[in-house]
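Below: one structure, written as structure tokens.
The sequence lines fix the lettering, A, B, ..., with proteins before strands; numbering per chain opens at 1. Scope of the values below: all heavy atoms of this structure, side chains included, with no hydrogens, waters or symmetry mates.
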Protein chains: 2
Amino acid sequence: MKKAEQERLLRRADILKALAHPSRLLMVEKLAEGERCVCELQKMVGADMSTVSKHLSVLKRAGLVQDDKRGLQVFYRLLSPCVLNFFTCVESVIEARKKRGRAACEIAK
Amino acid sequence: MKKAEQERLLRRADILKALAHPSRLLMVEKLAEGERCVCELQKMVGADMSTVSKHLSVLKRAGLVQDDKRGLQVFYRLLSPCVLNFFTCVESVIEARKKRGRAACEIAK
DNA sequence: TAAGTATTTGGTAAAATAGCCAAATAGTGT
DNA sequence: ACACTATTTGGCTATTTTACCAAATACTTA
């Protein structure tokens, strides 16, 4: 495999990795409704402030969100709403998996 | 946050995590063209056979691919082609990031 | 300037992931 | 049964990720 190809895959994987965490998924969902300050997101996620801040910096480094400091607070907003389309696909994978699970169960009887 | 909500996020994150690796991304791309046996995928990825096999089991456990043993070989196929749509979005995130990078560079001058 | 609030950063420990090798398993042909 | 090939599994180490706490920073208001 060529080096350029390798890097292309790595960049893509990094963005998916940034999304691949329950707390970060929740924040992305919430940010889809509009910008939120870190303190609001922290309440929603229910983790330590520093933990939430680090999760946000992961999303930011991936280029998925943008931050905007206003006074004491920092507001984050979603830069790429297209990621929301992932969720429908992901749900369909989960549904199909369930269906196969049930079918396998029937056969096992 | 409720427990059901927590689990929903966890299930979604697990599927994204399964995709979030360069080798697994490559395999998904290749499988989009049609089924492939492990040995073919191994050549494409260029890693140890056992490593490739484990990556495939991650994709399988996530419900993204299905395996089918025929003789000595095991053929894998993509179960959810909708994940291919992720790539366009991911590319757009990368492009937007580049563009912002260039703009920041201009300002810095 | 001092005190208070919101956020980030640094440090650290625990857990998850990734890679390779060697060994086990499964199917084929002799 | 034996040798041969394709794949998976187990074991190990190195790396990465995650979460929390404590300390640093940034901004506001008294």
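Spacing between atom CZ of A:Phe75 and atom C1' of D:dA26 amounts to 15 Å, rounded to whole angstrom units. D:dT17 atom P lies 14 Å from atom CG of A:Leu19, rounded to whole Å. Taking atom NZ on B:Lys17 and atom C1' on D:dT17, their separation rounds to 10 Å, with Å as the unit. The distance between atom NZ of B:Lys69 and atom P of D:dT5, rounded to the nearest whole Å, is 16 Å. The nearest whole Å value for the distance from the CE atom in A:Met27 to the C1' atom in D:dT18 is 12 Å. Here the C1' atom of nucleotide D:dT17 and the NE2 atom of B:His21 are 14 Å apart, to the nearest Å. Between the P atom of D:dC21 and the CD atom of A:Gln42 lies a distance of 12 Å, rounded to the nearest Å. Nucleotide D:dT25 holds its C1' atom 16 Å from the CD atom of A:Gln73, rounded to whole Å.
Residue pairs that meet the salt bridge (charged side-chain N to carboxylate O under 4.0 Å, His left out) test with at least one member in residues 16-28 of chain B, sequence neighbours left out, are B:Asp14-B:Lys17.
Note that the first and last nucleotides of DNA chain C, 5' to 3', having any atom under 4.0 angstrom from a heavy atom of chain A are C:dT5 to C:dG11.
In this structure the side chain of B:Lys30 never reaches within 4.5 angstrom of the side chain of B:Val45, judged on heavy atoms. The closest side-chain heavy-atom distance from B:Cys89 to A:Val83 is below 4.5 Å. Looking at heavy atoms from C-beta onward, B:Leu25 lies in side-chain contact with A:Leu16 at the 4.5 angstrom threshold.
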- salt bridge (charged side-chain N to carboxylate O under 4.0 Å, His left out) assessment of B:Glu40 paired with B:Lys43: CA-CA 5 Å; B:Glu40 285 174 300; B:Lys43 277 177 208 126; over 6 Å; no
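Under the salt bridge (Lys or Arg N to Asp or Glu O under 4.0 Å) test applied with B:Asp67, the options B:Arg77, B:Arg36, B:Lys60 reduce to a single match, B:Lys60.
Using a cut-off of 4.0 Å between Lys/Arg side-chain N and Asp/Glu carboxylate O, A:Lys98 and A:Glu95 are scored as salt-bridged.
In this model, the phosphate group of D:dT17 is not approached by any side-chain N or O of A:His55 to a distance below 4.0 Å at OP1 or OP2.
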Could you go over nucleotides 9-13 of chain D and give all protein N or O partners under 3.5 Å, atom names and distances?
| residue | atom | partner | partner atom | Å |
| --- | --- | --- | --- | --- |
| D:dG10 | O6 | B:Lys54 | NZ | 2.9 |
| D:dG11 | O6 | B:Lys54 | NZ | 2.6 |

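At the heavy-atom level, A:Arg70 lies nowhere under 4.0 Å from the strands shown.
Annotation: of the two residues near DNA chain D, A:Ala47 and A:Gly71, the 5′-most nearest-nucleotide partner is A:Ala47.
Using modelled atom types, one side-chain atom of B:Gln42 and one backbone atom of B:Ala47 make a donor-acceptor pair closer than 3.5 Å.
Taking the six-membered ring where tryptophan is involved, the planes of A:His21 and A:His55 are tilted, since the angle between them lies from 30° to 60°.
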